[in-house]
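Remarks on the structure that follows.
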2 protein chains.
Amino acid sequence: MAKPAITLKTIADQLGYSVSTVSRVLNGLADKYRISKETQEAIKDAAQRLDFTPNPLARGLRMNKSNTIGLVIPDISNPFFSSIARNVEHEARKHHYSIILCDTDENTALEIESLQLLQNRKVDGLIMLPVGQTSQHIEKVYQTGMPMVIIDRYFKDVDIPYVASDNYKGAFEAVSYLIQSGHTTIGCIQGLRHTMPNSERLRGYIEAHQYYNLPVNERLIVGDGFGEQNGFLETKLLIRKEKELTAIFALSNLISLGSIRALKEEGLRIPDDISIISFDDQPYSEYLSTPMSTISQQNKEMGQIAVKHLISQIDSTIRPSGEYVLLSTKLIKRSSVKILSASKNIIKQINRGVVSMQ
Amino acid sequence: MAKPAITLKTIADQLGYSVSTVSRVLNGLADKYRISKETQEAIKDAAQRLDFTPNPLARGLRMNKSNTIGLVIPDISNPFFSSIARNVEHEARKHHYSIILCDTDENTALEIESLQLLQNRKVDGLIMLPVGQTSQHIEKVYQTGMPMVIIDRYFKDVDIPYVASDNYKGAFEAVSYLIQSGHTTIGCIQGLRHTMPNSERLRGYIEAHQYYNLPVNERLIVGDGFGEQNGFLETKLLIRKEKELTAIFALSNLISLGSIRALKEEGLRIPDDISIISFDDQPYSEYLSTPMSTISQQNKEMGQIAVKHLISQIDSTIRPSGEYVLLSTKLIKRSSVKILSASKNIIKQINRGVVSMQ
DNA sequence: TCTTTTTGAACAAAGGTTTGCATAGAATTA
DNA sequence: TAATTCTATGCAAACCTTTGTTCAAAAAGA
């Protein structure tokens with residue numbers, strides 16, 4: 001059933017040349033080794049005819065290169081991640097790399113295991129979407145010389161190239177929009193604390209308040225996880241405890257889904273009773289019970305840029321330093337934010353220059 | 001920077017044994033080759049101390065096995081597929097296989113390319129979620145002896161093991177529910193025609209009509225694609241042309257999203273003006289403008305079963321025949337289907353046995 | 001003491017590539 | 001004609017494992 005594989009030797013024997021000559025022709029080194037035109041033709045023909053493809057295992061063994069990229073992702077079933085994965089795969093394929101997929105289930109232990117696995121498998125590089133709370137295990141791998149780029153949850157003070165959204169600006173814009181719409185008591189439901197995207201979004205939240213001379217109420221900043229459950233729980237608690245609350249800033253798409261569920265259970269309407277704005281735009285965002293205003297990220301570009309950067313890293317001998325790209329976000333206004341009448345005052349104040357522009 | 005890799009030779013040299021002895025000990029063949037206890041201990045210790053892991057490329061080359069499974073998927077950013085992918089990855093990892101991911105972009109040409117690629121890469125087996133319109137290229141690969149299992153879009157008269165939902169029953173149940181709710185003019189927006197899931201769902205649609213002695217109106221069966229755009233367009237056309245229409249059966253999650261958009265644009269409310277029920281339950285289904293009634297599939301199980309089956313295929317020498325599993329679906333009733341008053345008649349008729357039970 | 005068996009391990013080939021070096025014959029130069 | 005330079009290719013090692021076979025030394029048997 002299993003036919004004998006077509007190898008260089010098959011061609012060499014059939015044509016009466018040596019394996020090395022065949023290899024050279026097929027690798028475009030014919031001229032360098034001045035192999036005659038006729039020989040070249042004959043070999044190329046035979047290769048085509050026999051449908052020869054080099055054995056990647058043998059080649060990898062010899063060249064110490066597998067043409068393979070490890071993609072480590074916290075949860076491929078989260079649409080934010082899967083759309084990145086999709087573009088990573090397409091871009092990698094363009095450059096003749098294949099993707100080995102590891103889903104870490106938002107679990108650092110599994111992430112460590114995956115890193116180990118991929119190193120053993122001799123991938124040429126790693127695209128990491130880390131869980132994000134600790135980075136030592138990742139740094140350790142990077143320091144062995146493994147080319148790497150991090151997407152989304154990068155780390156402070158860790159000099160590994162990354163590409164992410166400008167989470168600070170995105171959050172600043174979202175919260176500014178809320179404030180300009182007249183909201184002054186805005187709940188912030190965080191994702192995983194001590195991850196950079198979260199910290200930066202939080203900073204955006206805080207600085208937007210300061211920019212508009214609004215006090216920051218610590219009690220409004222809650223939660224610790226990007227998942228739906230966290231959004232649900234924290235929303236329930238918030239609306240019970242904070243009677244003044246008029247708006248929620250959800251730091252991920254899943255969190256906002258949880259919020260919606262909680263608000264519905266409590267019989268609160270969006271945006272009439274509570275306004276909501278969320279990070280991450282999703283295909284379904286506009287179809288939700290109330291079409292959701294969101295901060296959309298360029299995840300297609302993230303994947304592409306990451307792959308391009310990784311490959312240039314693989315092909316180069318010098319280690320990059322301080323290389324990163326921050327992609328801009330976009331505020332998508334739909335109907336989940338209510339314009340409160342009070343907003344007019346604030347807008348007026350801005351126009352009059354009462355609220356300082358820093 | 002790149003440290004010399006730890007190989008069998010490293011250990012052999014350090015201990016003064018030969019490479020073959022080291023290999024045997026580390027592969028548990030020590031007793032078979034009666035290698036002394038002390039030698040075994042020494043070698044195992046050294047391996048541990050040096051953190052040795054066998055080079056998978058060399059091993060793969062020698063053994064003709066890569067411990068790698070190719071996963072071919074039409075669109076990883078579609079949540080239906082990505083949740084399957086996730087479970088495939090987890091299950092494969094349990095069995096020490098890694099996943100090489102290929103996203104075919106719902107494009108048969110890319111699917112052919114992917115198959116080629118994965119064969120070249122010497123994967124040990126293939127889990128296919130085919131585009132589904134043609135199968136020759138897949139059969140050809142299967143006939144080379146490549147272990148394979150198909151998920152979701154399997155083929156009629158093609159003897160490759162598959163796991164899928166019982167699409168017929170699911171559709172039958174969905175449409176029955178609509179009919180029992182009093183709907184008699186039900187649009188059916190199809191996915192990709194001539195794919196099995198589509199044909200089976202369509203059959204369910206038709207037979208449910210027959211079961212309730214309702215005529216099947218060909219004009220109500222429209223569309224050709226699992227995407228959002230198809231749902232949008234066909235819904236627009238349907239509501240213009242079919243004034244009697246009271247319900248839509250959408251054959252995929254994306255189609256239903258498109259339908260929602262179209263209905264909204266036309267100012268029609270769900271379910272007051274038009275009821276809708278959709279194949280594929282999604283995490284966001286219950287958060288939609290009108291929480292959607294759906295037919296949910298067991299996609300977690302699909303992934304697991306597929307991997308288990310594939311691995312048993314890899315480990316066995318005999319070719320499977322006629323092996324497949326059909327997973328049951330579940331009707332999830334939310335609020336996108338309106339109970340029409342007329343329904344009482346039908347239900348009464350059923351109770352009275354006027355509508356035959358086949 | 002000499003032969004046979006057992007023990008414990010080494011040798012070498014194979015799997016398919018790539019690549020530095022060597023070489024036989026032809027062409028050129030002196 | 002002898003020495004030199006090209007031309008067109010082959011040889012063999014290396015990458016790291018696995019595995020069938022061989023073999024020396026020790027132990028056992030006669």
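Please read all numbers here as calculations on a predicted model, not as lab measurements. So you know, we letter chains A, B, ... as the sequences are listed, proteins then strands, and number each from 1.
- Looking at heavy-atom distances under 4.0 Å, A:Tyr33 makes contact with a base.
- Residue A:Arg34 has its side chain nearest to D:dT7 when only D:dG20, D:dC16, D:dT7 are considered.
- Rounded to whole Å, the distance from NZ on B:Lys122 to P on D:dT17 is 21 Å.
- There is a side-chain donor-acceptor pair under 3.5 Å between B:Ser98 and A:Arg121.
- Atom CG of B:Leu57 and atom C1' of D:dA14 are 15 Å apart (whole Å).
- Under the 3.5 Å distance criterion, with hydrogens and angles disregarded, no donor-acceptor pair is assigned to the side chains of B:Arg59 and B:Ser66.
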Report task. Quick one: do A:Asp103 and B:Arg93 satisfy salt bridge (charged side-chain N to carboxylate O under 4.0 Å, His left out)? Show the steps, please. Result -> CA-CA 10 Å; A:Asp103 183 303; B:Arg93 183 197 294 242; over 6 Å; no
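- Residue A:Lys32 contributes atom NZ, which lies 16 Å from atom C1' of D:dT7 at whole-angstrom precision.
- Of the listed nucleotides (D:dT19, D:dT17, C:dT17), C:dT17 has the atom at the smallest distance from the side chain of A:Phe52.
- Put simply, B:Ser36 has no side-chain N or O that comes within less than 4.0 Å of OP1 or OP2 on C:dT7.
- Map B:Tyr17 and B:Leu61 each onto its nearest nucleotide of DNA chain C; the residue landing nearer the 5' end is B:Tyr17.
- Candidate nucleotides D:dG20, D:dC16, C:dA9 were compared by shortest atom distance to the side chain of B:Arg24, and D:dG20 ranks first.
- B:Asn55 has no side-chain polar atom (N or O) that falls below the 4.0 Å cut-off from OP1 or OP2 of D:dC15.
- The distance between atom CG of B:Asn67 and atom P of D:dT17, rounded to the nearest whole Å, is 15 Å.
- For B:Thr39 and B:Tyr17, the side-chain atoms include at least one donor-acceptor pair closer than 3.5 Å.
- Residue B:Ser23 has no polar side-chain atom (N or O) positioned under 4.0 Å from OP1 or OP2 of D:dT17.
- As a whole-Å value, the separation of B:Lys65 NZ from D:dT19 P is 13 Å.
- Side chains of A:Arg49 and A:Gln14: a donor-acceptor N/O pair is present below 3.5 angstrom, by distance only.
- Listed nucleotides C:dT19, D:dC16, C:dA10 differ in distance to B:Thr21; the shortest reach to its side chain belongs to C:dA10.
- As judged by a 4.0 angstrom heavy-atom cut-off over every strand, B:Asn64 is placed among residues making no nucleic acid contact.
- With distances taken from any side-chain atom of B:Arg62 to the nucleotides D:dC16, C:dT17, C:dA14, the minimum falls on C:dA14.
- Between A:Thr7 and C:dG16 there is no side-chain N or O to OP1 or OP2 distance below 4.0 Å.
- For A:Ala58, the side-chain atoms get nearest to C:dT17 when compared with the rest of C:dA9, C:dT17, D:dT19.
- Using modelled atom types, one finds no donor on one side chain facing an acceptor on the other under 3.5 Å when comparing A:Asn87 with A:Ser83.
- When distances run from any side-chain atom of B:Ser20 to the nucleotides C:dT19, D:dT19, C:dA9, the shortest one goes to D:dT19.
- Counting to the nearest Å, the P atom of C:dT19 and the CG atom of A:Leu26 are 14 Å from each other.
- For A:Ile35, counting side-chain heavy atoms from C-beta on, the closest listed nucleotide (D:dT9, D:dT17, D:dT19) is D:dT9.
- Computed from coordinates, the B:Asn27 CG to D:dC16 P distance equals 17 Å when rounded to whole Å.
- Ranking C:dA14, D:dT9, C:dT17 by closeness to the A:Arg59 side chain, first place goes to C:dT17.
- Per the geometry, CG belonging to B:Leu29 stands 7 Å off P belonging to D:dT19, to the nearest Å.
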